[in-house]
Student: 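After the structure tokens below, expect a handful of questions from me.
Fair warning: this is a prediction, and the values are worked out from it, not measured in the lab.
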Amino acid sequence: GIVTSPSFHTDHADYTFEDETAGINLFGFDLSGLVNIGDEIKVSGITDEYNGKFEVIISTANDVVTISTGNSVTPQVITVSDLYTNGENYESELITIENVEPSGDYSWPSEGEFENITITDDGGVSITTMRIDDDTDIDGSDEPDWPVAVTGVGGQYDESEPYNENYQIIPRSNNDFRGVP
């Protein structure tokens, strides 16, 4: 598959990649700097589920082979309602939600902090979570001028079975926020 995210963890491999059928997370303890966005990779490992997120767990850097570089993936354009009701369809895949704005009280994250922000694209009828990870360049940056189109990885953080809730969008960098005309 094609790598669609930077590592969301500084000390471990924590990337997403997808092919024409689905996306999956790549995780490896104490491994970093393995791949870049746009790398086409082949991965060998064991599969597991972590709080609803399906992942391939690797043991060594040799479990990842880079086939080519400079590839791109076109994000699927979906709505907040799509992510909330059918999140499993978008897990670990690159998605864009247009006309996003915060819903309710929130704080834009300062440098070194993460934040889960409730978002909407329909005036608050449908809501979901946008996770700003502290291992990106987003925390500590200027807050966007809402509404914006947000591109990111479809994610999930559900601490109890059957793991069918708490879907979210995880922007990868400041470049994932685009003004809406």
Student: When you measure from the centre of the six-membered ring of Tyr157, is the NZ or CZ of Arg131 closer than 6.0 Å and no more than 45° off the axis?
Tutor: no
Student: Flag the pair Pro109 / Phe114 as yes when at least one side-chain heavy-atom distance between them is below 4.5 Å, and no otherwise.
Tutor: no
Student: Can you name the closest pair of heavy atoms from Asp39 and Asn71 and give their distance?
Tutor: C-ND2, 4.2 Å
Student: Can you check whether Lys53 reaches Asn51 side chain to side chain, under 4.5 Å on heavy atoms?
Tutor: no
Student: Determine the minimum heavy-atom distance between Leu83 and Ile169, stating which atoms define it.
Tutor: CD2-N, 3.8 Å
Student: Return yes if a side-chain donor-acceptor contact under 3.5 Å exists between Glu88 and Tyr163, otherwise no.
Tutor: no
Student: Looking only at the side chains, is there a donor atom on one of Asn25 and Ser92 sitting less than 3.5 Å from an acceptor on the other?
Tutor: no
Student: Can you give me the closest heavy-atom contact between Phe177 and Pro144, atom names plus distance?
Tutor: CD2-CG, 3.7 Å
Student: Pair Ser173, Asp137 - check side chain to side chain donor-acceptor pair (under 3.5 Å), show working.
Tutor: CA-CA 6 Å; Ser173 75; Asp137 66 352; 4.5 Å; no
Student: Does the plane of the ring in Phe27 sit parallel, tilted or perpendicular to the ring in His12? Use 30° and 60° as the thresholds.
Tutor: tilted
Student: Given side chains that start at C-beta, do those of Glu101 and Ile119 come closer than 4.5 Å, heavy atoms only?
Tutor: no
Student: Nearest heavy-atom pair of Ile41 and Leu26: which atoms, and what distance?
Tutor: CD1-CD2, 4.2 Å
Student: Does the side chain of Thr47 reach to within under 4.5 Å of the side chain of Glu55, using non-hydrogen atoms?
Tutor: no
Student: Is there a side chain to side chain donor-acceptor pair (under 3.5 Å) between Thr129 and Gln168? Walk through the geometry before answering.
Tutor: CA-CA 5 Å; Thr129 300; Gln168 51 191 265; 5.8 Å; no
Student: Is the shortest heavy-atom distance from the side chain of Thr4 to the side chain of Tyr15 under 4.5 Å?
Tutor: no
Student: If two hydrophobic side chains count as joined below 4.5 Å and joins carry through other members, does Val56 share a cluster with Val3?
Tutor: yes
Student: Would you check if Glu18 and Leu94 make a side-chain contact, meaning some heavy-atom pair closer than 4.5 Å?
Tutor: yes
Student: Identify the two heavy atoms, one from Ile132 and one from Pro171, that lie closest to each other, and give their separation to 0.1 Å.
Tutor: CD1-CG, 4.0 Å
Student: Given side chains that start at C-beta, do those of Phe54 and Glu91 come closer than 4.5 Å, heavy atoms only?
Tutor: yes
Student: Apply salt bridge (charged side-chain N to carboxylate O under 4.0 Å, His left out) to Asp139 and list each qualifying residue two or more places apart in sequence or on a separate chain.
Tutor: none
Student: Hydrophobic clusters here meaning ILVMFWY residues chained together by side-chain heavy-atom distances under 4.5 Å, can you tell me if Ile24 and Tyr90 are in one?
Tutor: no
Student: Would you say Asp158's side chain and Asn166's backbone share a donor-acceptor pair under 3.5 angstrom?
Tutor: no
Student: So, Thr79 versus Asp82: side-chain donor-acceptor pair below 3.5 Å or not?
Tutor: yes
Student: Let me see the working for Ser103 and Thr120 under side chain to side chain donor-acceptor pair (under 3.5 Å), right down to the final yes or no.
Tutor: CA-CA 6 Å; Ser103 178; Thr120 186; 5.5 Å; no
Student: Are Val43 and Ile58 side-chain neighbours, meaning at least one heavy-atom pair lies under 4.5 Å?
Tutor: yes
Student: Do other residues, nucleotides or ligands put more than 12 heavy atoms under 6.0 Å from Tyr84 OH?
Tutor: no
